[in-house]
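Heads up: the structure comes next, in structure tokens.
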Number of protein chains: 2
Amino acid sequence: MRRMTARPANAHQARLLKLLRDGGPNSRAQLGDQIDLSRSKLAVEVDRLLETGLVVADGLAASRGGRRSHNVRLNPGLRFLGVDIGATSVDVAVTNAELEILGHLNQPMDVREGPVAVFEQVLSMAAKLRASGLAEGYDGAGIGVPGPVRFPEGVPVAPPIMPGWDGFPVREALSQELGCPVMVDNDVNLMAMGEQHAGVARSVGDFLCVKIGTGIGCGIVAGGDVHRGVTGSAGDIGHIQAVPDGRPCACGNRGCLEAHFSGAALARDAVEAAQQGRSEELASRLAANGTLTAVDVAAAAAAGDATALDLIREGGNRVGQVIAGLVSFFNPGLVVIGGGVTGLGHTLLAAIRTQVYRQSLPLATGNLPIVLGELGPTAGVIGAARLISDHLFSPA
Amino acid sequence: MRRMTARPANAHQARLLKLLRDGGPNSRAQLGDQIDLSRSKLAVEVDRLLETGLVVADGLAASRGGRRSHNVRLNPGLRFLGVDIGATSVDVAVTNAELEILGHLNQPMDVREGPVAVFEQVLSMAAKLRASGLAEGYDGAGIGVPGPVRFPEGVPVAPPIMPGWDGFPVREALSQELGCPVMVDNDVNLMAMGEQHAGVARSVGDFLCVKIGTGIGCGIVAGGDVHRGVTGSAGDIGHIQAVPDGRPCACGNRGCLEAHFSGAALARDAVEAAQQGRSEELASRLAANGTLTAVDVAAAAAAGDATALDLIREGGNRVGQVIAGLVSFFNPGLVVIGGGVTGLGHTLLAAIRTQVYRQSLPLATGNLPIVLGELGPTAGVIGAARLISDHLFSPA
DNA sequence: CAACTTTCTCCACTCACAGGACAAAGACCC
DNA sequence: GGGTCTTTGTCCTGTGAGTGGAGAAAGTTG
């Protein structure tokens with residue numbers, strides 16, 4: 001099927017598209033209140049957008065004391081694909097142009113199987129969503145990968161946990177397969193964009209979004225824009241030294257944050273505690289499943305297991321210490337904690353807060369909320385859809 | 001005397017003024033090559049700038065094979081005042097509109113004497129420069145203070161090392177005294193802007209500028225702009241924990257970077273080493289002066305004193321470790337080291353480089369220069385002049 | 001002195017945009 | 001139901017921004 005290919009012709013149109021994306025159906029009058037344009041000029045640009053098909057008429061709104069307004073909205077047939085490739089699973093979702101999730105699939109998978117296998121999986125999930133009637137095709141796709149990305153080209157570079165992906169032309173390949181424009185970014189940046197668009201970070205211009213999953217990373221938003229750094233590796237905080245001469249890390253150094261606290265490290269610690277007989281709760285879970293994950297630790301903690309609580313607290317202290325440094329350095333207006341370990345909930349958050357509030361200067365922490373992400377596993381796919389929509393809703 | 005009060009009327013004029021500031025005298029044709037405007041429009045805007053007096057004719061240039069061009073330049077009578085208030089001294093300089101330093105004064109002074117005393121000093125230095133014929137008056141002034149600043153208002157907030165300054169309306173007061181527009185910023189940010197304008201960071205969009213003086217701070221430039229954080233305290237890295245359970249710090253915590261390495265900490269360590277008989281070189285200098293500073297340590301190191309070298313190396317390791325974390329987080333394209341301790345030179349730099357290259361991931365450090373600032377004590381005043389010129393050369 | 005280059009100015013035309021007049025459509029009051 | 005007021009949307013005209021071409025001015029080169 002033929003998809004929309006139009007792009008806004010100028011900055012005004014781009015602005016209007018974003019207003020309609022973020023605010024839903026709107027009348028010309030309402031749009032006029034939010035944009036610095038005369039009514040006549042605004043009408044011209046809206047008419048041009050209607051001609052392109054990106055925007056469609058949406059009936060009459062209720063009267064506000066005078067003539068009823070003719071609403072317009074983004075074409076309800078537009079479809080974006082949001083893909084979030086994690087270390088151990090893939091999320092794929094379809095959204096409309098307003099970035100509302102229409103369908104969402106999750107599939108366990110190991111990124112180390114390489115781009116070819118993962119792509120096959122992603123494409124089959126995309127096809128499944130299409131087959132279920134949610135989309136006749138895709139107008140654009142955003143995709144997040146768990147490693148640094150050369151952003152302009154959409155190519156992963158030197159990703160530690162996904163070796164086979166180095167230099168693989170993700171953007172080009174996926175664009176070819178799907179037949180639509182594609183943008184690629186680091187998964188952590190997409191989570192930040194997701195929380196910025198629809199989560200706790202709405203209307204915050206400078207914030208950090210710490211994602212603790214298999215690994216650990218940090219999305220940086222400065223002045224409303226994601227900061228990616230010169231080689232796309234900004235936010236790679238997993239290998240900051242958290243413990244001098246601490247545990248050996250896969251990267252070759254010792255004491256890296258990731259070696260001391262992350263989904264993987266927590267699971268390993270839990271197994272060790274169980275085997276050493278420090279926790280009956282964990283031991284019984286280990287016996288039952290043959291292995292332990294962060295979810296088990298969360299459950300044990302919820303059941304009041306002291307060892308599990310200690311593990312979480314200690315990890316939170318480590319992360320909190322590093323975040324404290326980042327807060328001093330960056331002076332954000334908000335810190336969001338997300339990723340797989342959010343199930344650890346308040347215990348983790350409390351430990352992080354304690355460290356940050358204790359170690360950073362009052363001026364930086366005085367009015368600094370530290371909160372859990374609001375969107376959970378959908379943050380990444382919403383961020384991915386946001387990424388491609390930002391791209392498509394900009395002048396060509 | 002009446003000073004220039006005109007401001008650019010639009011973005012084009014602002015752009016032209018900045019091109020003339022950064023590129024010196026230029027013909028209309030040369031300007032046309034650097035700006036996206038037709039020759040006719042460009043001529044109109046240049047003529048308008050000539051009318052305002054901000055720009056003046058500057059004779060004929062040599063022929064390039066055809067008609068000679070009429071050069072224009074920024075009004076050579078324009079004068080900016082750059083003020084850099086450090087913890088222990090004040091720098092004041094006059095520049096022309098091209099930010100070339102015409103005169104520079106330095107005066108020892110303790111910032112803790114409070115804003116009134118410091119202002120008196122600054123104003124007398126500004127008057128001295130004026131009296132020497134370098135300026136008939138000032139068209140604008142930039143001023144840096146060693147602490148966080150609420151940037152839009154130009155007011156220091158909760159500055160740890162200058163308690164009397166909290167909430168003092170620096171911008172308003174200085175503007176009143178000098179009779180010209182004033183902008184205020186953190187001294188470290190100004191150093192970064194100075195190196196960006198005329199130093200090692202020319203043409204680098206993302207870099208860090210670490211200033212090690214009495215205290216320690218870091219200027220952050222992201223996407224060409226200074227990142228100040230939500231409360232103006234971004235870059236305040238002096239109280240990041242460098243050593244777990246380390247030395248007590250004035251801030252109440254332990255192990256802060258600043259407690260382990262800074263001009264003040266180094267001097268204290270040197271005195272201790274001298275008193276414990278660990279260094280004859282330092283001991284003799286202590287006996288001669290009654291006290292030691294970073295300069296003494298530098299001299300001792302240059303003379304081959306092993307203890308002095310050790311102190312520098314150890315300090316460099318501490319700073320390097322913290323910088324390594326910041327590099328992982330921010331992924332800059334350049335790290336500049338500046339401030340009072342640059343006299344420690346290569347020994348310090350080598351220690352920092354070792355730590356950063358060892359602890360940060362190759363992708364972030366692969367092509368990362370770590371260099372000393374190029375401008376020394378003039379970085380701050382040039383940055384200050386740049387700050388006010390950026391302000392005045394923007395549409396009102 | 002002729003031919004070619006470069007620079008700058010002038011002029012006509014196009015387009016972006018604002019703002020007012022006005023029409024359409026409804027609410028509200030009597 | 002009819003007047004009056006409000007809100008929304010459209011049309012039209014005037015202004016100013018900006019482009020591009022013609023050509024004058026001022027050089028160089030041979």
Side-chain angles (χ1 to χ4, degrees), chain A residues 6-20 23-52 54-74 393-396, chain B residues 6-20 23-52 54-74 393-396:
Chain A
R7 292 277 288 276
N10 57 43
H12 295 316
Q13 292 185 14
R15 185 79 211 289
L16 288 168
L17 290 174
K18 287 177 186 171
L19 286 173
L20 289 171
N26 252 300
S27 67
R28 287 168 179 76
Q30 282 175 296
L31 290 171
D33 294 342
Q34 303 172 68
I35 195 173
D36 191 25
L37 273 183
S38 66
R39 279 200 312 258
S40 30
K41 177 62 178 165
L42 181 104
V44 169
E45 297 299 350
V46 170
D47 286 345
R48 288 186 189 157
L49 286 173
L50 286 166
E51 277 173 35
T52 66
L54 282 170
V55 162
V56 300
D58 190 42
L60 291 166
S63 166
R64 298 197 304 173
R67 176 177 174 174
R68 294 168 67 192
S69 57
H70 294 247
N71 273 357
V72 292
R73 59 175 300 185
L74 291 175
F393 291 171
S394 298
Chain B
R7 291 278 287 274
N10 58 43
H12 296 315
Q13 293 184 14
R15 185 80 212 288
L16 288 170
L17 290 173
K18 286 176 186 171
L19 286 174
L20 289 171
N26 252 301
S27 68
R28 288 168 178 76
Q30 283 175 296
L31 289 170
D33 293 341
Q34 303 172 70
I35 196 173
D36 192 25
L37 273 182
S38 66
R39 280 200 308 268
S40 23
K41 179 61 180 167
L42 181 103
V44 170
E45 296 298 351
V46 171
D47 286 345
R48 287 183 190 161
L49 286 174
L50 285 167
E51 277 172 35
T52 67
L54 282 170
V55 162
V56 299
D58 190 43
L60 291 167
S63 167
R64 297 197 305 174
R67 176 175 173 175
R68 295 168 65 193
S69 57
H70 294 248
N71 273 357
V72 293
R73 60 175 298 184
L74 292 173
F393 291 170
S394 298

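Chain identifiers are assigned alphabetically (A, B, ...) following the order of the sequence lines, protein sequences preceding nucleic acid strands; residue numbering begins at 1 within each chain.
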### Message
For the CG atom on A:D33, are there more than 12 heavy atoms of other groups (residues, nucleotides or ligands in this structure) within a distance under 6.0 Å?
### Response
yes
### Task
Taking all heavy atoms of A:A11 and all of A:P395, pick out the closest pair and write down the distance.
N-CG, 3.9 Å
### Message
If you apply the rule salt bridge (charged side-chain N to carboxylate O under 4.0 Å, His left out), what do you find for B:D36 with B:K41, and how did you get there?
### Response
CA-CA 10 Å; B:D36 192 25; B:K41 179 61 180 167; over 6 Å; no
### Query
Is a side-chain donor or acceptor of A:R7 paired with a backbone partner of A:S394 at a separation under 3.5 angstrom?
yes
Cut-off 3.5 Å, no hydrogens considered: what does the side-chain donor-acceptor table look like for residues 64-74 of chain B, sequence neighbours left out?
{"unit_1": "B:R68", "atom_1": "NE", "unit_2": "B:A61", "atom_2": "O", "d": "3.0"}
{"unit_1": "B:N71", "atom_1": "OD1", "unit_2": "B:S27", "atom_2": "N", "d": "3.3"}

Mind listing the N/O atom pairs, protein and nucleotides 13-17 of chain C, below 3.5 Å?
{"unit_1": "C:dC17", "atom_1": "OP1", "unit_2": "A:H12", "atom_2": "NE2", "d": "3.0"}
{"unit_1": "C:dC17", "atom_1": "OP2", "unit_2": "A:K41", "atom_2": "NZ", "d": "2.9"}

## Note on the structure
In B/S/- notation (B base, S sugar-phosphate only, - none; protein heavy atoms under 4.0 Å), nucleotides 5-15 of chain D written 5' to 3' is -BBBBBBB---
### Query
Under the criterion side-chain hydrogen bond (donor to acceptor under 3.5 Å, both in side chains), which of B:Q13, B:R15, B:H12 is the partner of B:E45?
B:Q13
#### Entry: 4.5 Å side-chain heavy-atom contact, A:N26 and A:Q34
yes
